[in-house]
Amino acid sequence: MRKILVIGAAGQIGSELVPALREKYGNDNVIATGRKTPLPEIITENGPVIYLDTLEKDLLSKALFEYDINTIFHMASVLSATGEKMPQTAWNININGLINVLEAGRRYNIDRIIWPSSIAAFGPTTPRENTPNTTTLQPTTMYGITKVSGELLIEYYFKKYKLDTRSMRLPGIVSSETLPGGGTTDYAVEIFYEAIKNKHYTCFLKEDTVLPMMYMPDCNKCMIDLLEADVYKLKRHVYNITGFSFSAGELAAEIKKHIPEFTIEYKPDYRQEIADSWPKSIDDSLAREEWGWNPNYDLEKMTEDMIEKLSKRL
Ligand code: AKB
């Protein structure tokens, strides 16, 4: 029986991951934690919720002990754009937070820890097309540096302490429940809100900027599939994964098919440099081979679903 702690349940991914985990493992077996941002009602009303800051080691130990936790999803992170504004804070939260989780994990015999890495682990010296799983990792953002360091740390904790740690390099995530905050791929979510509310969007990336992306239901599937993957089939701790790649212009054109009056202008800011340092497309064949990764959504299907869901809500 899994007893799961989700750290960072108020975030873009955590807020949709918790309901998906509760559906599969039972409401009482998934404990949602938050720090500053209030948790959405769908989480507070349906299962256990606690306050947790991963920088406070005692609180973390108390939560693991009290709820008899055996599985952790550590989703709390400062993302790429905010990380460039506050590099020291990004390092503190992303790395000291992670090491506290790994330490608590080893002391409390946690069975499995899932911690997402990101395409931000790659940098300008990495091949940008069909980026392989094993390649140069020389990121130029603090967020990327914390992701590469985190990847090394989770491998170290496995090698030294036999802690079962698993990670996927997430591309940009498009979702309809919680707005992302502080990322470079956030434009791909904001654009839907603005298209529906104001029929216009000012994009902070150039029209031809291509990035790998994934729709939220596939992200949940990926988290659960990797959690459940047979340990004997996994040959590594960190996997490339992707849904599909598109440029800002291609996404705008797809939205226009549903909202013909939608217009877009492009005013690239400091986030353009970050996007230009990341891959355009990802080779996720090892995730497909080793644990059967197989996304369901493409650009058309995602756009249709996002517009339907957000039009109802906004
Ligand atoms: C970001 O844009 O910082 C994140 C990521 C790609 O990890 N969404």
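Just so we're clear, the structure is a prediction, and the values are computed from it rather than from any experiment. Remember, it's 1-based here, ligands and their atoms both numbered in the order they're listed.
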Should Trp278 be counted as touching ligand 1, given the test is an N or O pair under 3.5 Å? no
Using a strict cut-off of 4.0 Å, indicate which atoms of ligand 1 neighbour a heavy atom of Leu79. 3 (O)
Exceeds 12 heavy-atom contacts within 6.0 angstrom, atom CD1 of Ile259: yes
I want to confirm something. Looking only at heavy atoms, which of Val189, Thr185, Ile13 is nearest to atom 4 (C) of ligand 1? Thr185
Other residues, nucleotides and ligands only: do more than 12 of their heavy atoms fall within 6.0 Å of CZ on Phe65? no
Using a strict cut-off of 4.0 Å, indicate which atoms of ligand 1 neighbour a heavy atom of Gly183. 1 (C), 2 (O), 3 (O)
Between His237 and Phe158, does the ring centre distance come in under 6.0 Å? yes
Have Thr125 and Gln138 got a donor and an acceptor in their side chains that come within less than 3.5 Å? yes
Minimum-distance protein heavy atom relative to atom 3 (O) of ligand 1: Ser80 OG, 2.5 Å
Judged by heavy atoms only, the candidate from Gly172, Ala120, Ser118, Ala188 nearest atom 7 (O) of ligand 1 is Ser118
Among all protein non-hydrogen atoms, which one is nearest to atom 2 (O) of ligand 1, and what is the separation to 0.1 Å? Thr184 N, 2.7 Å
Quick one: do Glu308 and Lys312 make a salt bridge, cutoff under 4.0 Å? yes
Do the ring centers of Trp291 and Tyr239 come within less than 6.0 Å of each other? yes
